[in-house]
Every structure is written in structure tokens, then in C-alpha cells.
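Single-structure report; data block below.
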Amino acid sequence: MIAFDTVTKTYDGNKAIAGVSFEIQKGEMAFLTGPSGSGKTTLLRLVYREEVADQGRIVVAGWDLNKLDSTSIPFLRRNVGVVFQDFKLLPDRTVRDNVELTLRIQGIADDEARERVTSTLRLVGLRHKTDAYPPHLSGGEQQRVVIARAIIGNPAVLLADEPTGNLDPDTAKGIMDVFRTVHSRGGTILIATHDPNLYEHSGCRIFRLQEGKLLA
Amino acid sequence: MIAFDTVTKTYDGNKAIAGVSFEIQKGEMAFLTGPSGSGKTTLLRLVYREEVADQGRIVVAGWDLNKLDSTSIPFLRRNVGVVFQDFKLLPDRTVRDNVELTLRIQGIADDEARERVTSTLRLVGLRHKTDAYPPHLSGGEQQRVVIARAIIGNPAVLLADEPTGNLDPDTAKGIMDVFRTVHSRGGTILIATHDPNLYEHSGCRIFRLQEGKLLA
Amino acid sequence: MFIYHVRTAWLSLARNAGINLLTVFSLAVGLSLVAITVLSVFGLHTAVKEWTSGFGMVAYLAEGLPTKGQEALRDRLSREPGIRSVELVSAEDALRELEGALGKEMLQGLEANPLPASIRIFLSPGNLDVARVKELAGRLAGMDGIVEVEYGQKWVERMAVAARQFGLAGSALGLSLGIGIIFILSNTIKILFYRRAQEIDILKLLGATQGFIRAPFLIEGVFFGILSGGVAALGTFLARNWVSGKFGFVIETPWPLQFTEPLIVLVGAVLGLAGSFIALGRIRL
Amino acid sequence: MFIYHVRTAWLSLARNAGINLLTVFSLAVGLSLVAITVLSVFGLHTAVKEWTSGFGMVAYLAEGLPTKGQEALRDRLSREPGIRSVELVSAEDALRELEGALGKEMLQGLEANPLPASIRIFLSPGNLDVARVKELAGRLAGMDGIVEVEYGQKWVERMAVAARQFGLAGSALGLSLGIGIIFILSNTIKILFYRRAQEIDILKLLGATQGFIRAPFLIEGVFFGILSGGVAALGTFLARNWVSGKFGFVIETPWPLQFTEPLIVLVGAVLGLAGSFIALGRIRL
Ligand SMILES: Nc1ncnc2c1ncn2[C@@H]1O[C@H](COP(=O)(O)OP(=O)(O)OP(=O)(O)O)[C@@H](O)[C@H]1O
Ligand SMILES: Nc1ncnc2c1ncn2[C@@H]1O[C@H](COP(=O)(O)OP(=O)(O)OP(=O)(O)O)[C@@H](O)[C@H]1O
Ligand SMILES: [Mg+2]
Ligand SMILES: [Mg+2]
């Protein structure tokens with residue numbers, strides 16, 4: 001589902017990703033870890049083509065990103081749900097509108113959208129904040145809105161970047177349960193995290209980054 | 001140094017802080033914990049007067065916040081260093097300029113400011129990112145810039161809101177060492193966090209919030 | 001989907017009501033200025049025309065033409081296009097006038113009336129450019145019974161030159177003001193939308209197409225344009241009524257400018273649409 | 001500290017060069033329009049004055065005044081303030097002119113020359129308001145040797161009324177354009193700074209005083225004003241030179257408006273300062 005072949009990404013002469021190769025199968029759930037600044041976010045950005053690799057080949061859900069023309073980018077991204085590390089919520093739209101955006105972009109109509117938003121918000125425990133605006137939410141609440149927005153479209157690939165950094169252990173467990181549900185439905189999931197509690201004893205593969213290189 | 005006396009803060013009819021009383025002594029280091037949305041950030045905001053209490057009395061570093069006139073607010077805030085949960089970095093100023101801001105606001109001159117910025121950035125492991133802009137930093141790097149900005153002014157009170165949410169365990173340990181150094185120099189520190197690793201076995205007092213109330 | 005975009009645009013406008021109202025106000029003032037400038041240019045033309053319309057000609061009649069013939073000629077001239085009214089002055093009247101002007105004694109020595117009969121011609125307003133006056137004078141001079149046509153050539157030419165110069169300068173000024181202000185207004189929209197680069201980035205990352213991203217902005221732009229156009233139209237309407245009520249001065253405008261107020265709204269809408277379109281530029285996905 | 005603020009302001013301008021250049025350009029166009037409008041208003045006054053300055057009076061001299069006396073009177077009048085030049089027309093010249101106008105035959109019967117000698121008076125430009133002309137005419141009429149003064153009263157009054165109306169309308173239009181454009185420009189600055197509310201909030205939370213927060217914005221505002229004022233001044237200078245070179249038309253402006261270009265820069269700076277000051281409003285800490 002996600003395949004990197006000796007991918008390199010350089011910022012201002014520094015390699016954020018240095019010759020990384022790996023493959024994640026359809027329906028697999030995997031973790032990405034490594035110290036701060038080791039390139040986790042950059043790797044994820046390459047997957048949904050916010051960044052373009054300098055070298056190497058990336059294939060996501062059947063799209064060869066080197067050969068992707070720019071009008072296809074939106075359609076790639078609709079297959080990839082992302083829990084952004086820095087949230088990227090629209091501050092002047094309600095929680096409902098933020099979450100609904102994913103569906104609207106895919107052209108899903110009013111009634112269905114409303115229902116799915118309500119049930120997804122219930123899933124992340126934010127039903128009561130439906131009409132709030134992001135700046136009026138706590139850090140953890142915002143993070144859960146982002147998670148809801150990422151999963152609501154049933155994306156083929158779900159990328160989560162430090163999805164529990166602002167959550168208490170109990171809520172984090174709840175979110176991991178949500179991810180496992182998505183996984184059990186056949187979703188491919190890659191979670192970047194610092195929290196060993198998430199991946200230890202998970203039985204999933206763990207990719208460790210160190211200065212842009214994948215450790216064996 | 002920080003004293004709350006039956007403080008209540010209501011948002012749109014919901015009590016984010018409900019009758020909270022506690023006292024933190026000068027030179028004490030304490031932790032604040034509780035589930036997502038329990039009121040930790042709100043409590044900290046009351047301390048540096050981003051929010052005003054609806055009821056109750058708050059005294060910080062000798063200032064009675066109920067009696068504080070608005071021209072004194074900046075001077076209160078200069079005594080309180082804050083690691084914001086949502087960072088609040090200026091995106092179009094370099095790391096150096098962001099960190100230096102604390103000193104500039106206090107009217108500290110060029111040469112001294114430069115030196116202190118350099119040594120503080122070294123302390124948080126970001127010496128090599130001095131001239132970068134925040135949007136070009138990783139999540140953990142940004143978080144450490146915020147920490148540097150909060151501690152550089154040697155504030156009497158240091159408030160840290162989820163300061164290690166984006167940091168790997170090793171880097172987090174390093175940051176906790178920095179906080180302990182500040183503490184050993186006489187700083188009063190209150191850290192809001194979800195991570196039990198930070199406060200367990202720390203020997204510090206732990207305040208637990210639940211739906212805006214302090215648990216005994 | 002369209003309704004969704006309209007709703008999104010409307011909510012965005014409402015959420016930042018303060019700055020958006022300010023923008024609408026700015027645009028409205030700008031559009032009013034454009035309208036006032038354009039109207040003033042035509043007002044200048046109208047004023048110059050009206051003001052110069054008091055001038056006329058004198059056609060001297062052949063000696064010995066009988067009164068009947070004089071009157072026939074007068075009636076004929078009064079039907080000429082471009083002539084507002086005519087007045088027949090007999091030789092006797094002319095002499096009386098001259099006596100009045102020079103003093104009776106001065107002309108005592110005259111044996112016969114040396115003056116010819118004449119027809120005074122007042123031109124229609126709007127017929128005062130040199131070419132037309134000349135042409136008319138030539139035509140009249142060729143008529144049977146008319147000996148000579150006098151029309152204060154110097155005056156007419158002078159007026160015409162002045163009117164043309166004022167008109168040209170006014171038009172040039174009006175044009176540059178109009179273009180300049182519209183440039184400023186489209187920049188205003190651009191500056192307003194600039195801060196929303198972040199919103200656009202987020203939409204891109206969520207897989208939105210260019211069209212999806214643009215739609216609410218374009219709708220917002222049109223909203224802006226129509227709202228401020230409406231305000232400006234109201235202002236212009238009131239100002240125009242006040243001027244024509246107070247000074248009885250009705251500005252002549254060529255098609256389609258007589259529909260000033262609807263036009264302002266239209267210009268506003270087009271400006272808003274174009275402004276936001278330009279502001280968005282090419283969105284790179 | 002001041003240097004720190006200037007540096008901060010400068011970096012902020014440089015970091016967002018695109019939108020800031022656009023703003024400068026917008027402001028420059030607006031300031032140019034204001035300058036052009038103001039200059040045009042004075043240009044209109046100048047043009048009207050020059051154009052009406054061709055009018056004059058005729059003073060009819062007493063019969064029997066000897067040539068010496070006529071010439072003395074002529075010299076005296078030529079020294080009167082408000083009179084540009086004079087021309088003595090003897091009775092004989094007058095008759096010859098009348099003959100030329102009416103045809104020699106018509107006046108054949110005259111035994112003696114019935115016409116008086118006269119002095120034609122050309123007024124200085126800028127002396128053409130009715131009151132002055134009337135007053136001058138009255139004064140001349142009272143002089144020894146002058147019998148009557150004719151000055152085409154209707155014409156002069158008409159010109160004067162027209163000139164005043166054009167002048168008033170032009171000034172009103174210029175004033176509203178000036179105010180309107182300056183309003184739009186200060187809004188432009190406000191809209192530009194609006195997106196930086198976040199920056200202001202962060203500074204507040206770090207303990208910055210109002211002054212510290214404001215300083216770089218005000219400096220930026222002044223930068224904007226001076227830059228765009230400079231561009232506008234250059235444009236205005238070139239345009240003005242082109243006009244006076246091409247048409248030989250030099251616009252008379254009262255103090256201090258003859259220093260148009262430095263004034264534009266000054267207005268720009270004040271506008272930038274005031275605009276950013278208003279944009280910041282009262283910063284609540
Ligand atoms: N846009 C950019 N321009 C320049 N350098 C960048 C940019 N984005 C990231 N970097 C640098 O690339 C390196 C990897 O960043 P990345 O965000 O991938 O780290 P990360 O593993 O996600 O770290 P964290 O755990 O702190 O979020 C960092 O040193 C960062 O400073
Ligand atoms: N400005 C605001 N307006 C309205 N409600 C608010 C506002 N700020 C916070 N709240 C609400 O108050 C409650 C407490 O929020 P707070 O940010 O203090 O929680 P927290 O303990 O910091 O949570 P987290 O661990 O997720 O950061 C939440 O339910 C939140 O939605
Ligand atoms: Mg990261
Ligand atoms: Mg919080």
C-alpha cells in the first residue's frame with residue numbers, strides 16, 4: 001500500500017530522509033518512531049505528497065508519486081487520511097464543519113455527511129463539542145477533532161503523526177481502539193509516535209528513524 | 001508564590017475550573033494532571049491572566065490578580081514564563097528572534113541578549129537551528145524553542161503546559177533536567193502533563209484535576 | 001454543492017464581520033468615487049454645452065426683400081435642425097437699436113436707413129462645435145434672400161476649443177481615477193484574502209480541488225462587490241438627486257451610463273469576482 | 001531599543017515582500033490620484049483664469065479732449081493695478097473700424113465723425129471677478145476725460161459665475177476624492193495588519209507593553225507611507241513635467257502646495273503612521 005524505494009529528501013542541504021526503503025502491506029498497521037527531528041513527519045509528508053522526494057520512488061495506494069500529475073494530487077490525498085502533528089484545523093469553522101470538510105471535498109451530500117460527522121464525533125468522545133470552534137477547545141479536544149477528520153472518509157491509508165501527544169493515557173487508549181477498529185476494517189495505518197506504550201506489545205512492525213535513516 | 005482560593009472559571013455556562021483552591025510555595029516544583037479537557041490549561045491561563053476568574057482570588061508572585069490594573073499586566077507576565085501547549089511562536093521570525101523576544105520585552109540590551117539566547121538554545125539542543133523559522137522545524141524542535149523562550153528570562157514562576165507532548169523519551173528527560181536546574185536555582189515550577197513518567201517518582205506534589213475540580 | 005459553498009462563504013463573512021464590513025465600506029467609497037468621477041466628467045460636458053448654448057448667429061437679409069419674404073425665410077429657418085429659435089429684426093428695428101447704442105444725435109445726419117433687415121438665430125444646445133456652426137452658417141448664407149451670416153466666429157471657436165480641452169482633461173483625469181481606484185480596490189480584496197493562505201493550504205492537504213478551494217472565495221468576492229456596490233449605488237443615487245434637485249442640473253450620459261446605479265452594483269460584482277480570482281492566483285496543489 | 005524596533009519592522013516588511021510591495025503600490029497609486037486631483041483642481045482654476053483673461057473694457061473719452069490729454073490718460077490707465085495693457089483708439093480709427101464693419105457706403109451720408117475716441121483696456125489675468133471689474137469700471141468712469149466705460153457686463157458676469165461654479169464643483173469633487181482615497185488607503189493598512197492579530201496576542205502574553213507592541217507596526221506604517229509617497233511623488237513629478245512640457249501649462253498653486261512632491265511623501269508618512277495607529281486600536285492587555 002505504501003512503498004518507499006531509497007527515498008531521499010533534503011532541506012537546505014540537510015537530509016531529513018536519507019535513502020529510506022520499506023513497504024507496508026494493504027491492511028497492515030505499523031509504527032514509526034525515532035527522536036525529535038529524525039524525520040518522521042517528513043516521511044509522512046512524502047506519502048501524501050505535501051513534499052516531493054529528491055530521489056527514490058514512492059508508491060501509495062497504486063499511485064507512483066513520481067509520475068503523478070498535479071491534477072491527480074487531490075485524488076491521492078482523498079485516499080490518505082492524515083492526523084497532522086500541528087492539527088491544521090480551520091479556526092473559524094465549527095468542529096462539525098471541520099470534520100465534515102473531508103466528506104464535502106469528496107462530494108458527499110448533506111444528509112449522509114451530517115450523520116457520519118455525528119457518529120464519528122461520538123467515537124472520539126467529542127459529541128458535546130460539535131458546535132464549538134477549535135480555538136475554544138482544549139489541546140486534547142483539538143487533537144481528537146483532527147483524528148475524526150482523518151478517519152471519517154474511510155481512507156485507504158491512515159497516517160497519524162503523534163496522535164496522542166496531547167491526550168491522557170485513558171483517552172489515548174480510546175483513540176488506539178478507534179485506530180484498531182479502522183485497521184480491522186481493512187485500513188492501512190502508519191502511526192508516528194514517541195510513546196512506547198502505544199507500540200510495545202502491539203504486535204505491529206515498528207520502523208525506527210534516526211537522522212533520516214531507517215534502523216534495521 | 002501561586003495561591004488559588006475557591007477559583008471558578010466558566011465558559012459559556014460550563015465550569016472549566018470549579019472552586020479550586022491550592023497554594024504553591026516559592027521554589028516548589030509541582031505537577032498538574034487530569035484527563036483531556038479537565039481544565040489544566042485553563043488553570044494555567046488564570047495564573048498569567050490570559051483569563052480572568054469569575055469567582056475567587058488568585059495571588060501570583062505577590063500580585064493580587066483581582067486588584068491588578070491593566071498597565072501592570074505586562075509586568076506580571078514578565079515574572080511568569082510559559083511553555084504554551086500550542087507553542088505560540090511567531091512564524092516569520094527566526095528561532096533566535098523568537099527566544100530573544102522575552103529579553104527584548106524586558107529591555108535587555110543587544111550583547112547580553114545574544115549570549116543568553118545562544119546558551120539557552122544549546123541547553124535545549126537547538127543551537128544548530130538558531131536561524132531557522134518555526135514552520136521549518138519539527139514538532140519537537142518547535143516545542144523546545146517554546147521552552148527556551150519561557151526559561152530564558154529566569155522567571156520567578158515557570159508554567160509548562162504539556163511540555164514534552166512532542167518529544168521522544170530521551171529528549172523529554174533532557175528537558176526535565178533543564179526544569180530541575182531552573183528549580184534548583186529557586187524557580188517555582190508548575191507542569192501540566194499527561195505523562196506519568198514525568199511525575200511518578202519525582203517526589204513533587206501532584207494536583208489532579210477532574211472536570212474542573214481538584215481531587216484530594 | 002453550490003449551496004454549501006455559498007453557506008461557507010457567508011459564514012466566513014459573518015465570522016469576521018468587523019474587518020469585512022470595513023472592506024465593504026472601503027469598496028463602497030471607492031466605487032462611489034468612480035461613479036462620481038464618471039458622472040462629473042459627463043456633468044462637465046453637459047455644463048459646458050449648456051453654458052455655451054446662449055450663442056447665436058445673425059443672418060443679414062437682402063435689401064428690398066419684402067416683409068412676406070422675410071417672414072417666410074424666418075419660418076423656414078425656425079424649422080432647420082439645430083436651431084432653437086429665431087427672431088426677425090426689420091431694418092427699422094435695427095436702426096432703432098443702433099440709435100439706442102450710439103445715441104440718437106450721432107445718426108441724425110443719415111438720410112436713408114443704411115442697415116439691412118436680419119434674422120437672429122439661437123442655436124440648440126449641443127450644436128456648438130465649430131464645424132457644425134460653420135456648416136450651418138455656410139448653408140444659410142447660400143439661401144436665397146440671405147446676404148451674409150455673422151456668427152461671432154472667434155467666440156464660437158474659442159468656446160469650442162475650451163470645451164474640448166476641458167472635456168479631454170476631464171476625461172483623462174476621470175479615466176485615470178477610475179482605473180486607479182479599481183486597481184486599489186482589487187488590491188484591497190487581495191490583501192484581505194492574503195491572510196487566508198493557511199486556510200487554502202489546509203484545504204489542499206485534505207484533497208480539495210482548485211475549484212473547491214476557489215468557490216467560496218469567489219462567492220465571497222461577489223458578495224463583497226454586490227454589498228459595496230449597493231451601498232455605493234445608494235450613495236450615488238442620493239448625491240445625484242441632491243445635485244439635480246438643488247441646482248436643477250441633470251447630467252446627460254450616453255447609454256448605458258444612464259443606468260448608473262445598477263451599473264455600480266454590476267461593476268462591484270465584477271470587481272469582487274475578478275479581485276478574488278486574481279487574489280487567489282494559480283493554486284498549486 | 002529603537003534600532004531593534006526598526007530592524008523588526010524592516011524584517012517583517014522583507015519577509016512578506018510580495019503583499020507589502022502590493023500594498024506600497026496601492027498606496028502609491030492612491031497618493032498619486034490625490035495629488036493629481038488636487039493639482040487638477042488648481043489647474044482648473046488656472047485654466048479658467050487664463051481663459052477669461054482675454055476680456056477687457058472700453059473707456060469712451062470726452063469729445064474735444066486733445067491728443068495730449070488722451071495719451072496722458074492712456075499712460076495713466078496703463079499704470080493702474082489690474083490692467084495688463086491699454087490701446088488708444090482715436091475717433092478716426094473708430095470710424096474706420098465702423099466703416100469696415102458696416103461697409104463704407106452705409107456711412108457715406110455722415111457729415112462729421114459721430115464716434116468718440118476711446119481707450120481699450122485689457123485686464124490682467126486673475127482680475128476677472130465681477131466685483132473687481134465693476135469697481136474698476138466705476139473708478140475709471142469717474143476720471144476726468146472719461147465719459148463712459150463699457151465692459152460687456154453680461155459677458156463678464158457670465159464668465160465669473162461659470163468660473164466660480166466650475167471652481168466650486170471642482171473643489172468639492174477634489175475634496176471628496178481626496179478624503180475618500182485617503183480613507184481607502186488607511187483601510188488598506190488596517191486590512192493588512194488585521195491578519196497579524198495573532199502576533200499581537202503572542203506579544204501580549206509574553207509581557208510586552210502597548211508601546212513595545214505598537215512600535216514596529218508604526219514604523220512599518222511610516223515605511224509604507226514614505227515608500228509609497230516616494231513612488232507617488234516621482235510619478236506626479238513626471239506627470240506634471242510632461243503636462244507643462246507638452247502644453248506649456250503651469251499650474252498655479254498656493255503655499256505650500258507648490259512643494260507638491262515633498263508634500264506627497266509627507267502625506268504618505270502621516271497617512272502610514274495614522275493608518276497603522278488606527279489599525280492597532282487600543283490594545284487590551
Ligand atoms: N520545511 C522545512 N524546511 C527546512 N527544514 C525542515 C523542514 N521541515 C523539517 N525540517 C527539518 O527536517 C528534520 C526532520 O523534521 P521532521 O519534522 O520530519 O522531524 P520529526 O521526526 O517529525 O520530529 P518530531 O518528533 O520533533 O516531530 C528536522 O531537523 C527539521 O528541522
Ligand atoms: N476559550 C474557551 N471557550 C470555551 N470553552 C473553552 C475555552 N477554553 C477551554 N474551554 C473548555 O474548557 C474545558 C477545559 O479546557 P482546558 O483547555 O483547560 O483543558 P485541558 O485540561 O488543558 O485539556 P487538554 O489536556 O486536552 O489540553 C474544555 O472542555 C474546553 O473545551
Ligand atoms: Mg514530527
Ligand atoms: Mg490543555
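No hydrogens, no waters, no symmetry mates; every other heavy atom, side chains included, goes into these values. Each chain gets a letter, A, B and so on, in the order the sequences are listed, and its residues count up from 1.
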Looking at side-chain heavy atoms only, is the closest gap between C:Phe224 and C:Asn20 below 4.5 Å? yes
Contact part of D:Ile181 toward chain C, heavy-atom cut-off under 4.5 Å: side chain, backbone, both or neither? both
Quick check on C:Phe25 against chain D: is it the side chain, the backbone, both or neither that has a heavy atom closer than 4.5 Å? both
If you measure from CG on D:Leu27 to CD1 on C:Ile184, what distance do you get to the nearest 0.5 Å? 8.0 Å
Which atoms of C:Ser40 are under 4.5 Å from chain D, going by heavy atoms: the side chain, the backbone, both sets, or neither? side chain
Tell me whether D:Phe277 at atom CZ has more than 12 heavy atoms from other residues, nucleotides or ligands lying less than 6.0 Å away. no
Go through the atoms of D:Leu173 and report whether side chain, backbone, both or neither lie under 4.5 Å from a heavy atom of chain C. side chain
Check whether any side-chain N or O of D:Ser276 sits under 3.5 Å from a backbone N or O of D:Ala279 as a donor-acceptor pair, and report yes or no. no
Chain D: which of C:Val29, C:Ile19, C:Asn16 shares the most heavy-atom pairs with it under 4.5 Å? C:Ile19
Rounded distance [0.5 Å steps], CZ in C:Phe42 versus OG1 in C:Thr260: 9.5 Å
If you count heavy-atom pairs under 4.5 Å with chain C, which of D:Thr37, D:Leu177, D:Leu192 comes out on top? D:Leu177
